[in-house]
Each structure stands twice: as structure tokens, then as C-alpha cells.
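First the structure, then my questions, so here it is.
All values below come from the heavy atoms of this structure, side chains included, with hydrogens, waters and symmetry mates left out. Start at 1 with the first residue, then count along the sequence.
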Amino acid sequence: MDPMEVLPQELVLHICSFLPIYDLVRLWELNHSWRKIVTDPCLWRDAVLAVEGYEESEDDDWIIGDIRDCIKVLRRAPCLGVVSFNGALKSQKLKQALLETKTVVLRINDLFCHNTDEETDWMTSFIQSIGERLEEILVTSPSNALMNTLISLPRLKKLEVYDGGSHCDDKPPVQSPGFFGQLKVFEDHDYTYSWTLPPNWLVTVLKMHCATLEEISLTENFRVLQDLVQAGYQFKALKRLINYGFEDIDALGPLLPGVDILYAYRRSV
């Protein structure tokens, strides 16, 4: 007996909420009734699609099947809570599916940029294609082109950048005239204390989003923030300033009254 015929729709939705996303896609393919159920966005807002970094291989049925399943999700899901990348994406079929997807993606995890023109072009095009609804992203080693795209996304609320200085250089960022950012959380970290975003990028991000930023986490370059405040930029929404480096930033306290200044690492006395 088809549970759709005897159970309330709310109960069917609740049961479906425990299913893996690939099983939801299989239900989508059963018939029109199931398709209507499993395309309810409430089933997908917390869903995570893990994108592995392997290549297509005619000799590995598991890889072929996993790539096929990922592509089906990107073609069927109305939205995804998270798309998480695990390593450099090499599958051309999966890259194309990501460029063509109509799925609303809310967060991207671990987008790692490699310093090649082909990879930079693909990642920038991908972010541009899904960026209208993107709310959060964690990106490592972004290029100038990708950073220009990220800082201008209309709904982006959280931007985490790791090793931003490894590929970004001191060329002036491109600013969209009249654009007012919506970032609430901005983090600029690195793994070596030498590859944070160049100061010109940090200045641009903080200027564009000064009215909405609630939390700023930096490893260094706090002087940039101090100079902006002293120049008259007002960070009225700012609640927390987090130091992931070893610089003493207590002097920022009087300039930012009401802001919690936190140190991620214990300072020596």
C-alpha cells in the first residue's frame, strides 16, 4: 500500500526528512505524487551535498555511480543547505552540472582555489551562477576575480577566507557603484601567519559592509580597521572583534565602545 494514500502529508514529510538526499531523489523519480512531496524545500534546507574531488573513471563503478548521484541531486533538489567540496574537483561532468544547476545553494564549504586560469574561471562562473541566493561561504586561496565576485554578492551574510594572500595580490579590487553589502560575519585567517588578505582587499571588504558587520575575525592587519574607524567609518552593528593572531589590539577598545574584543589564543603575561 502506498503510504501517500493513507498518511497525512505532514507525516509523510516528517518521515522523508530522515532520508538521505540520494533516497529523496529516487522518490522523486517514482511518480508525480512523490515528486510533489520530495520537492518541498523544508526537506532540503539542511541537506548537505558532499562533492568529492575524483575524476571520471570508466574502471570504477563506485565513482561513476557517485558522480551520477550528485548530478541527479543538482538537477532535482529545489535547494541545498550546504554544498561541501572535498579536494579539487576534477570531474568535468560534475563541474558542468554545478554550472547549470537551478538549485538554490545556501552555503558552500571548503571551496579550494588552485592557481590556474581554468580553475579560476570555473569557480568564478560557478559562484556567479548560484550567488544570488548564497548566504555563506568558506573559501581557501581565492583569486582576485573570485574575491571580486564574493564581496559583491547581494545576500551573502558570512564570508570566511583562508590563505587569502596566497593568490590575491595588491591590484585594486573592483567595487560596484552604489552596492551596499549585507555581510554580518567576516573572517580572514591563514595557516602560516603570512597569507592573509592584502590590506587593499581588507579595506574594501570592511568599507562595503561596515553598516552590517556584526563580527570580524582577523589574524593580522588590525591597523586597517583602526584607520577606517578614525577616518569616520561607523561600524554600528559590530558586536565582536576576534583576534586569531598574537597582536595586542586592546587599543581598539576606546574606538569601538560596546564591542567585545576577544583573543582566540592566550597571550603571554
Side-chain angles (χ1 to χ4, degrees), residues 45-46 48 81-84 105-112 127 131 133-142 146-166 168 173 175-176 179-193 195-267:
R45 288 194 185 100
D46 297 322
V48 178
V82 180
V83 173
S84 184
V105 179
L106 301 179
R107 177 178 171 87
I108 292 177
N109 271 351
D110 302 322
L111 187 64
F112 186 89
I127 295 300
R133 303 291 293 276
L134 187 65
E135 296 181 358
E136 299 182 6
I137 184 169
L138 188 162
V139 59
T140 300
S141 302
L146 183 56
M147 275 300 297
N148 275 321
T149 298
L150 290 173
I151 63 176
S152 299
L153 294 179
R155 298 194 183 189
L156 195 66
K157 300 293 191 298
K158 184 175 184 178
L159 173 58
E160 301 170 75
V161 181
Y162 282 80
D163 291 347
S166 61
C168 279
Q175 300 184 50
S176 303
F179 174 79
F180 296 97
Q182 299 295 319
L183 272 184
K184 293 186 176 181
V185 178
F186 173 66
E187 301 183 10
D188 177 26
H189 305 304
D190 74 335
Y191 297 110
T192 63
Y193 296 95
W195 278 357
T196 53
L197 282 172
N200 60 321
W201 281 98
L202 188 56
V203 167
T204 300
V205 173
L206 296 180
K207 279 184 177 181
M208 292 175 69
H209 302 273
C210 66
T212 57
L213 278 168
E214 297 178 2
E215 179 177 300
I216 300 173
S217 300
L218 303 176
T219 304
E220 56 184 7
N221 292 325
F222 286 94
R223 181 71 189 188
V224 169
L225 177 60
Q226 181 175 329
D227 289 347
L228 288 175
V229 174
Q230 292 177 332
Y233 285 89
Q234 298 185 24
F235 293 80
K236 292 184 177 180
L238 191 61
K239 300 176 182 177
R240 286 175 298 279
L241 179 61
I242 304 174
N243 183 357
Y244 277 89
F246 300 97
E247 184 179 345
D248 191 324
I249 61 171
D250 289 346
L252 280 167
L255 298 176
L256 297 168
V259 175
D260 291 330
I261 296 179
L262 309 173
Y263 289 82
Y265 303 109
R266 185 186 301 273
R267 292 177 292 168

* **Trace of the side-chain hydrogen bond (donor to acceptor under 3.5 Å, both in side chains) decision for Tyr263 with Asp250** => CA-CA 10 Å; Tyr263 289 82; Asp250 289 346; 2.9 Å; yes

* Exam field: side chain Thr212 to backbone Leu183, donor-acceptor pair closer than 3.5 Å ->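 Judged by distance alone, yes, a pair lies under 3.5 Å.
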
* For Pro254 and Ala251, which heavy atoms make the closest approach, and how far apart are they? ->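 Pro254 and Ala251 have their closest heavy atoms at CD-O, 3.2 Å.
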
* To do: Compare all side-chain heavy atoms of Ser141 with those of Tyr162 and state whether any distance is below 4.5 angstrom.
  =>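 Not touching, per the 4.5 Å side-chain cut-off.
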
* To do: Only one of Leu159, Leu134, Ile137 passes side chain to side chain contact (heavy atoms under 4.5 Å, CB included) with Leu153; say which it is.
  =>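 The option that passes is Leu134.
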
* Please confirm whether the backbone N or O of Leu197 pairs with a side-chain atom of Asp188, one donor and one acceptor, at under 3.5 Å? =>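 Side chain of Asp188 to backbone of Leu197: a pair is present.
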
* To do: Report the C-alpha distance between Arg240 and Glu215 in whole Å, list the side-chain angles of each, state the deciding distance to 0.1 Å, and finish with yes or no for salt bridge (Lys or Arg N to Asp or Glu O under 4.0 Å).
  => CA-CA 5 Å; Arg240 286 175 298 279; Glu215 179 177 300; 2.7 Å; yes

* Could you go step by step and tell me if Lys158 and Glu214 meet the salt bridge (Lys or Arg N to Asp or Glu O under 4.0 Å) rule? -> CA-CA 10 Å; Lys158 184 175 184 178; Glu214 297 178 2; over 6 Å; no

* Counting only N and O atoms by type, is there a donor-acceptor contact under 3.5 Å from the side chain of His209 to the main-chain atoms of Phe186? ->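 Flag not set: sc His209 to bb Phe186 has no pair under 3.5 Å.
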
* Asked: Side chains of Leu241 and Phe222: does their closest heavy-atom pair fall under 4.5 Å?
  ->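 Yes, their side chains come closer than 4.5 Å.
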
* Asked: Yes or no on side-chain hydrogen bond (donor to acceptor under 3.5 Å, both in side chains) for Asn109 and Arg107, after CA distance, side-chain angles and deciding distance?
  -> CA-CA 7 Å; Asn109 271 351; Arg107 177 178 171 87; 2.5 Å; yes

* To do: Would you name the heavy atoms of Met147 and Cys168 that are closest together and state the gap between them?
  =>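 Minimum heavy-atom contact is CG-SG, 3.4 Å.
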
* Asked: Would you say the side-chain atoms of Asn243 pair up with the backbone N or O of Glu247, donor to acceptor, closer than 3.5 Å?
  ->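 It does hold such a pair.
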
